[in-house]
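As structure tokens, the structure follows; a few thoughts come after it.
Keep in mind that what you see is a predicted model, and the values were worked out from it rather than measured. The chain is numbered in sequence order, starting from 1.
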Amino acid sequence: MRPAEVRPGAAATPAATSISVEELRPEEDLRAPAILLIFGLLLNQSGIMFGLNMSLADPLALLLLLAALIRGKLWIPFRPLLFFVILSLVGLGTSLWVSQFLLPGQLATGTILTDYLKLLTSFAYFALGIHLVRLGIASSVLRAFAIGAIAVSLLAVLSLVFPPIMGHPVLFYAWYRFRGIMYDPNLYSIVAIAALAVTWHDTKMPRALRGAGMITLATAALLSGSKTGAVVLALWVGWRIVTHLRSAGQSGPGGALYLLGAGLVALVVAVLIGGPAAQSWIASAAGSNRALERAFSMFDGLETGAQGSDESARELTWTNALRLIEQHPVTGVGIGTYGEVAYSVTSARVLAHNTFLQLAAEWGIPLAGVFFAWVFWQLFRVPPLGAPAHSWATSRAIVAVLLAGSLAISLNNARIFWLALGILAAINAGTHGAGADPPSKALIR
């Protein structure tokens, strides 16, 4: 195997002194195969198929990984692989103990295997993200994801103009909460904001189209009726405005950004000052849209889940998760057992609606702590000189948006998160470029 290519000056200066995108190299314009572009588009779809949480992107992901394995091109870093093996052994071992001794006869083996399949799928997307970076086409896949998200978000905007679209069961939950082609409107809102962040960094797209795409995605995120999505959107817009003002050389569509910022600030101020009367006026101005009314009622209390039941109130689900963590701090409750264990302790079979608490309860504090520490290290790690600008910036933005949304939604099985995390980790480790060989050290070092 040939040694990895070292660029001039890389040995003397192994890492950039700042994380400014402008200091990284431009993305290589490599044409991705059509199957990868289709895969990127399908990252916007997920649903319950055959009783499983699946996406049309999954078969393509499997084909891509198998093709890489057959050709001898698939490379999985040792330490992430070791972590996954340890997590599998501990998680499945704990699940077996729970099913045999803690709750005998109350847990179906199929539930455990189904949840382990979700975990395996997440790791597969992580490995695929690394592979895309090595091929030098991660940027094209993320761009296809953003374009697909914009296309879906157009349906949300059209629903305001063409009433027949409103309430279509494929696109809406409870007839008024837009969910795109996903099963959960809360998940959709966060994925749409992640696509918005990708669009911001896409310098190859004409600025006018980028601005229009950003506004369309923001509108769709709000029409999902997700309060969590509204908060994450406001945080992202605020952060981008601050960085845009501090960096005059940024290439993002500033006009659309300031328009979004001004609109969000006006809406929040109206809700804070005007209370219910302002909320009713906002909903009326949007054509009596209940999704917007719900999204901007966030100041009335904690959000309920997609099912809208009192059982899903965040305060209750977080308290339940903390009780499980308190009772099983080291090993967690295992894989596929959370619902039944939670019911035995709290009489509520609901998720934690917080990814950090969910994984701490399932994996145990040690493994969850190591994982999240590594994720945040990747997020704030300085990339090496010569790192591809677009792939690094967009994957980092996706991870940041999903982590923010994770505070009030369980996103541990979100495919785009694991794909982006693999891309980010590979770039940070210096594994990038078409046909690049793996570095001599693992991604965790």
Side-chain angles (χ1 to χ4, degrees), residues 44 46 53 149 152-153 156 172-174 176-180 182-198 214 217-240 260-261 263-265 267-268 271-272 279 282-283 286 289-322 350-361 372 375 397-417 420:
N44 293 282
S46 65
N53 174 12
V152 172
S153 68
F172 288 84
Y173 176 82
Y176 73 96
R177 296 190 63 187
F178 186 75
R179 61 181 177 185
M182 293 187 166
Y183 63 93
D184 179 24
N186 293 322
L187 170 62
Y188 170 76
S189 68
I190 301 301
V191 172
I193 297 167
L196 190 156
V198 174
M214 288 171 56
L217 287 165
T219 303
L222 293 176
L223 288 175
S224 72
S226 172
K227 302 173 188 178
T228 302
V231 172
V232 173
L233 176 62
L235 290 174
W236 183 85
V237 171
W239 169 251
R240 289 268 50 117
L260 284 174
L264 287 172
V265 169
L267 287 171
V268 171
V271 170
L272 286 174
Q279 296 171 20
I282 292 170
N289 190 285
R290 288 186 61 188
L292 291 180
E293 185 178 13
R294 184 183 190 279
F296 288 103
S297 66
M298 67 187 77
F299 301 97
D300 291 338
L302 292 174
E303 177 179 8
T304 57
Q307 304 302 320
S309 63
D310 292 337
E311 215 177 40
S312 296
R314 297 307 191 250
E315 185 177 6
L316 173 64
T317 58
W318 295 345
T319 301
N320 292 348
L322 288 171
V350 290
L351 297 177
H353 289 292
N354 180 303
T355 307
F356 303 95
L357 295 179
Q358 184 77 36
L359 293 189
F372 283 117
V375 170
I398 292 172
V399 172
V401 168
L402 269 290
L403 285 176
S406 292
L407 290 172
I409 304 175
S410 295
L411 297 171
N412 42 297
N413 297 315
R415 292 162 176 80
I416 189 62
F417 171 79

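- Test Val191, Val401, Leu402 against Leu411 for side chain to side chain contact (heavy atoms under 4.5 Å, CB included) and you get one pass: Leu402.
- Under the 4.5 Å side-chain criterion, counting only non-hydrogen atoms from C-beta, Ser224 is not in contact with Arg179.
- With contacts defined as side-chain heavy-atom distances shorter than 4.5 Å, the pair Asn53/Tyr183 qualifies.
- Between the side chain of Trp236 and the main chain of Ile193, no donor-acceptor pair closer than 3.5 Å is present.
- Side chains of Leu359 and Phe372 form a contact here, defined as non-hydrogen atoms less than 4.5 Å apart.
- The shortest heavy-atom contact between Leu222 and Ala230 is CD2-CB, 4.0 Å.
- One finds the OG1 atom of Thr228 at 11.5 Å from the CG atom of Leu187 (value rounded to the nearest 0.5 Å).
- Remark: side-chain polar atoms of Ser189 are not paired, donor with acceptor, to backbone N or O of Ala221 under 3.5 angstrom.
- Within the model, atoms CG of Leu357 and CG of Leu351 stand 12.0 Å from one another, a figure rounded to the nearest 0.5 Å.
- Atom-to-atom distance recorded for Glu315:CD and His353:NE2 is 14.0 Å, nearest 0.5 angstrom.
- With Phe417 as the fixed residue, the side chain to side chain contact (heavy atoms under 4.5 Å, CB included) test singles out one of Ile398, Leu403, Asn412: Leu403.
- Phe356 contributes atom CZ, which lies 5.0 Å from atom CG of Leu407 (distance to the nearest 0.5 angstrom).
- Here the straight-line distance linking atom OG of Ser46 with atom CD1 of Ile416 works out to 11.5 Å at 0.5 Å rounding.
- Between Asn186 and Ile190, the closest side-chain pair of non-hydrogen atoms is not below 4.5 Å.
- A distance-only check finds no donor-acceptor pair linking the side chain of Gln358 to the backbone of Ser410 [under 3.5 Å].
- The closest side-chain heavy-atom distance from Arg177 to Ser226 is below 4.5 Å.
- Looking at Thr219 and Ser153, their side chains never come closer than 4.5 Å, going by heavy atoms from C-beta outward.
- With hydrogens and angles ignored, the 3.5 Å screen pairs no side-chain donor or acceptor of Ser406 with any backbone N or O of Thr355.
- In this pair, Phe178 and Tyr188 present their aromatic rings perpendicular. The plane angle is above 60°, beyond the 30 to 60° band.
- Listed for the Asn354 side chain is no donor-acceptor partner under 3.5 Å among the backbone atoms of Ala408.
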